[in-house]
Amino acid sequence: MPISPLFLKPFDPAEHEEPLYAKWEAAGLFHPETLIEKGLLREDAPPYTIVLPPPNVTGTLHVGHAAMLAIEDVLVRFARMRGYRTLWVPGTDSAAIATQSKVEKQLLKEEGVTRHDLGREAFLERVNAFAKASEQTILNQLRRMGASLDWQRYAYTLDDQRYKAVITAFVRMYEAGLIYRGIRIVNWDSKGQTVVSDDEVEYTEENTTLYTFRYWKDFPIPIATVRPETKVGDVAVAVHPDDSRYQAYIGKVFSGTFAGTELTIRIVADEAVNPEFGTGAVGVTPAHSQTDWEIAQRHNLPVVQVIDERGKMTQTAGPLVAGKTVRQAREAIVQWLREEGLLLEEKPIVHRIGRADRTGGIIEPLPKEQWFVSVTQPFILERSEILGIPAKELVTLKDIMRLAVEKGGVRILPDRFTKVYFHWIDNLRDWCISRQIWFGHRIPVWYCVAASNPQCKQPIVRATPPARCPHCDGKVVQDPDTLDTWFSSALWTFSTLGWPDAWDDAQHKAKLDTDLAIYHPTTVLETGYDILFFWVARMILMSGFHLGQVPFYNVYLHGLVRDEKGRKMSKSLGNIIDPLDLIAKYGADAVRLSLVVGIAPGNDIKLSEQRVKGYKHFANKVWNIARFVLERTDPFPKDQPLTEEDQALARERDEMLASVTEDLEAFRLHLASEKLYHYTWHRLADEIIEESKPILAGEDASRAASRARLLYETLHTLVRALHPFAPFVTEAIWQEGNLGGEEHPWLMTAPWPAREA
RNA sequence: GCGCGCGUAGCUCAGUUGGUAGAGCAUCCGGUUUACACCCGGAAGGUCCUUGGUUCGAGCCCAAGCGCGCGCACCA
């Protein structure tokens with residue numbers, strides 16, 4: 001058979017990649033059940049599952065996604081070739097706050113209206129339309145990377161099935177006493193006009209002034225603050241219990257006028273005060289500081305709110321500042337302190353201020369009534385498959401999160417993140433899950449409007465809307481808030497596999513033969529180390545509570561992709577590399593290799609165009625090796641015995657493959673790929689093939705035939721081993737060279753070349 | 001303050017359990033018209049941050065220090 005004419009030029013990714021992907025998809029090769037039907041996979045094959053960390057539905061593919069896809073696709077293709085029942089579940093995330101603010105910005109710019117002008121219903125229609133319109137973009141970009149995702153199982157965090165999972169989860173946790181409503185100091189995003197969780201606050205250092213002053217002339221203790229404007233809300237001064245300077249004042253109460261408002265200040269002793277800082281005395285503002293709120297709780301102090309949700313001073317703040325913005329109020333109060341001679345010192349200080357990671361809005365701590373998940377409330381886990389966590393005993397969500405990792409149920413890679421994880425768990429507070437935005441899963445809670453008898457004051461928490469109040473038959477209204485987007489993301493491993501429908505409540509286990517029974521717990525969660533807390537920990541929490549399982553056995557954390565100088569990619573630096581541009585220039589295989597070869601788990605990736613270009617050359621090298629070998633070995637002498645030197649070469653190759661296989665099993669993708677790269681180029685091409693030229697053309701026919709057989713078999717092997725890393729060029733060679741024959745028309749589902757370890 | 005990581009060739013980084021220091025890019029010299037210029041051969045380039053320890057043997061293990069980065073907490 002003559003060699004395919006396609007081989008007679010350099011490998012052109014543009015010519016092969018998209019058509020090949022379309023063929024794989026059309027043949028159903030991403031869908032494990034189709035492989036079973038076609039006899040390409042045994043029905044009793046052990047499962048191997050990864051759920052894709054869902055990209056933002058309105059976003060576009062960035063290099064971080066590209067790295068994630070490359071790594072996961074290597075794992076999935078490796079597992080598939082080894083005969084696992086391999087499932088990779090695709091999905092997208094509504095990314096509540098990010099998407100909503102994007103649409104709000106657009107509305108304001110193009111139509112000059114706010115979401116309140118449109119109203120909730122109309123606004124949501126607009127957001128959903130926007131999400132729908134963007135969806136195909138990101139999905140096609142996932143395809144361009146070559147990701148072998150099972151599209152028949154595509155999930156979206158806001159679709160009906162996921163909605164059902166979210167509400168069911170909420171109701172069950174409420175009934176178990178793990179979800180409660182309470183007034184706390186929360187992180188108020190003044191720009192996004194919503195609460196955000198502790199993990200969604202990012203701190204930046206800024207230069208500011210530390211003011212030392214007295215409330216009024218005969219007030220005995222000077223205090224220091226960076227936020228004079230909040231001081232109109234002070235109710236106490238706290239000192240350390242052992243501080244000798246202030247012993248005489250502890251327990252005393254002082255009254256006076258501060259900045260035009262009457263204050264009653266009690267002196268309290270509290271361990272939280274650092275006697276070294278400032279004057280060693282803290283003005284306690286319970287409504288606008290987490291620490292002060294806690295002090296106020298311990299000493300039974302009142303709460304006076306002086307800043308409102310829009311960042312303006314309230315009427316309670318007094319005539320001097322009421323109605324002013326925080327900034328104006330600060331100036332006014334400092335001015336007043338100066339005029340009154342109360343200002344003792346102004347000192348420059350570096351202070352960290354919090355901003356919301358999604359909107360950039362300054363975080364204002366405010367007391368608000370919100371919904372929380374308690375991480376310390378004990379409950380009984382009816383059934384447990386989690387290592388080290390017994391069923392029918394009292395546990396807390398914190399216990400589950402800690403023990404799942406500590407006892408080995410979940411393994412985190414690289415190992416060093418385990419400590420970071422424990423540290424986070426140990427400092428964890430209750431999780432605030434309500435958000436004052438509209439785009440997202442609305443909280444399944446209703447309130448009786450009339451509230452005519454005491455029972456009616458109880459919130460009605462249920463999966464289906466109640467028509468009337470069950471106590472007085474009055475009208476009900478739904479809680480206006482939506483859930484933190486991470487609440488639904490935390491259910492992702494099992495909400496994508498059919499929970500709660502696939503769940504048998506009586507048996508506390510998945511119904512037989514459902515996706516949930518077959519594919520959960522998943523095998524690997526692969527994601528960036530930056531969302532270890534947001535997501536990984538909370539998935540363990542949710543899966544532990546609802547299923548009594550870990551959500552995954554392994555966590556593979558990849559690093560941040562940075563530019564060639566090691567800087568974060570950002571719009572403001574203008575150093576963003578668009579993976580689709582790279583794919584267009586160098587091909588998806590090259591992009592994938594550049595994000596995998598030699599990059600250890602958890603390490604940041606410095607990506608340069610040079611690097612990608614190098615791997616394009618590699619893909620072409622593989623292509624040319626195939627041409628050389630196929631040209632000279634067709635038909636290859638299958639039964640020719642190998643000479644001793646060729647047996648040695650075959651052994652060397654197989655040892656290399658055995659070690660590559662071991663590396664892949666241990667998630668050492670960086671080493672596996674490096675070994676393959678090195679063997680292919682610098683051993684096979686540079687040495688073995690070069691030495692083979694005279695042998696193949698030589699007089700010794702049996703030696704030539706032996707070498708031809710060796711080369712053919714080596715190509716056959718190598719193309720399979722390289723497939724997970726560079727799926728396109730290898731599949732193209734497989735097809736054009738007809739390497740699989742009748743039995744394995746697709747390289748994608750051909751067997752892995754090394755024996756089971 | 002608590003914790004984590006990094007420091008290896010000019011640059012970017014590998015180095016799996018301790019066993020003769022590696023790759024890509026860049027530099028220099030040479031080659032090559034049929035697998036491939038998206039190439040090949042060769043050269044140069046290293047106190048593996050420092051000091052001390054364990055060991056027959058340390059880039060790797062231990063201790064201390066220096067420099068850089070990150071996470072968490074505090075930040076009144």
Side-chain angles (χ1 to χ4, degrees), chain A residues 3 7-12 198-199 203 205 208 210-212 223-228 230-231 234 237-239 270 272-274 276-285 288-292 295 349-354 414-424 426-428 529-530 532-533 559-560 562-566 586-587 590 594 597-600 602-611 613-632 659 662-663 666-668 670-675 677-678 681-682 685-687 689-690 692-693 711:
Chain A
I3 188 146
F7 270 118
L8 298 177
K9 50 186 179 183
F11 179 68
D12 178 10
D198 293 347
D199 300 290
Y203 292 91
E205 294 203 327
T208 180
L210 182 68
Y211 300 94
T212 306
I223 59 166
T225 184
V226 292
R227 298 201 62 186
T230 64
K231 297 290 103 182
D234 281 14
V237 164
V239 299
D270 197 285
V273 179
N274 173 5
E276 309 289 317
F277 190 88
T279 62
V282 185
V284 179
T285 324
H288 302 291
S289 151
Q290 178 70 41
T291 325
D292 293 9
I295 294 174
I349 186 178
V350 177
H351 183 72
R352 284 171 58 187
I353 74 160
D415 186 49
R416 64 173 187 269
F417 284 102
T418 308
K419 278 191 185 166
V420 182
Y421 176 86
F422 287 144
H423 188 252
W424 179 80
D426 294 341
N427 289 296
L428 189 61
Y529 63 69
D530 50 332
L532 180 62
F533 309 137
L560 255 49
R562 299 169 177 277
D563 73 3
E564 70 262 76
K565 294 187 186 119
Y586 305 108
S594 73
V597 182
I599 295 162
N603 286 7
D604 288 353
I605 304 167
K606 273 176 208 154
L607 186 67
S608 63
E609 205 167 315
Q610 270 304 319
R611 191 175 155 84
K613 195 174 169 188
Y615 289 111
K616 182 191 176 171
H617 296 176
F618 177 68
N620 188 54
K621 189 76 184 177
V622 177
W623 182 253
N624 279 303
I625 289 171
R627 177 186 335 173
F628 176 86
V629 171
L630 292 174
E631 266 176 359
R632 273 149 237 252
S659 122
E662 256 176 57
D663 285 336
F667 300 104
R668 293 188 295 256
H670 60 305
L671 296 185
S673 49
E674 217 161 46
K675 283 173 189 170
Y677 179 99
H678 192 262
W681 202 318
H682 301 299
D686 290 351
E687 293 171 0
I689 286 184
E690 288 308 318
S692 300
K693 286 176 180 172
L711 289 178

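Hydrogens, waters and symmetry mates play no part in the numbers below; they use all other heavy atoms, side chains included. Numbered from 1 within each chain, the chains take letters A, B, ... in sequence-line order. Small disclaimer: the values here were computed from a predicted structure and weren't measured.
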Base paired to [N] (Watson-Crick or G-U; both N/O distances under 3.5 angstrom):
N      : result
G1(B)  : C72(B)
G59(B) : none
C48(B) : none

Nearest nucleotide by nearest heavy atom, which residue falls closer to the 5' end of RNA chain B, G614(A) or I625(A)?
->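 The residue closer to the strand's 5' end, by nearest nucleotide, is G614(A).
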Of all heavy-atom pairs between S594(A) and I599(A), which one has the smallest distance, and what is that distance?
->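 Nearest pair, atom of S594(A) first, then I599(A): O-CD1, 3.6 Å.
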Look at the aromatic rings of Y529(A) and F417(A) and report parallel, tilted or perpendicular, splitting at 30° and 60°.
->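 Judged by the thresholds at 30° and 60°, the geometry between Y529(A) and F417(A) is parallel.
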Rounding to the closest angstrom, what is the interatomic distance between A44(B) and C2(B) at atom C1'?
->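 Their C1' atoms lie roughly 47 Å apart.
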Separation between the P atoms of C62(B) and C6(B), rounded to whole Å =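 These two P atoms come out 12 Å apart once rounded.
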Give a yes or no answer on whether the side chain of K231(A) reaches the backbone of G283(A) with a donor-acceptor pair at less than 3.5 Å.
->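 Yes: the side chain of K231(A) pairs with the backbone of G283(A).
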Using atom types as modelled and distance alone, determine if a side-chain donor or acceptor of N620(A) lies under 3.5 Å from a backbone N or O of F11(A).
->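 Yes.
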Is the distance from OP1 or OP2 of C74(B) to the nearest side-chain N or O of H351(A) less than 4.0 Å?
->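 Negative; the distance criterion is not met.
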Has T291(A) got a side-chain N or O lying under 4.0 Å from the OP1 or OP2 atom of C75(B)?
->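 Indeed, a polar side-chain atom of T291(A) lies that close.
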Check every strand shown and say whether R632(A) touches a base, only sugar-phosphate, or nothing at a heavy-atom separation below 4.0 Å.
->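 Sugar-phosphate contact only.
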Please state whether the base of C38(B) and the side chain of K621(A) form at least one donor-acceptor pair under 3.5 Å?
->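 Between C38(B) and K621(A), which were checked side chain against base, a qualifying N/O pair under 3.5 Å is absent.
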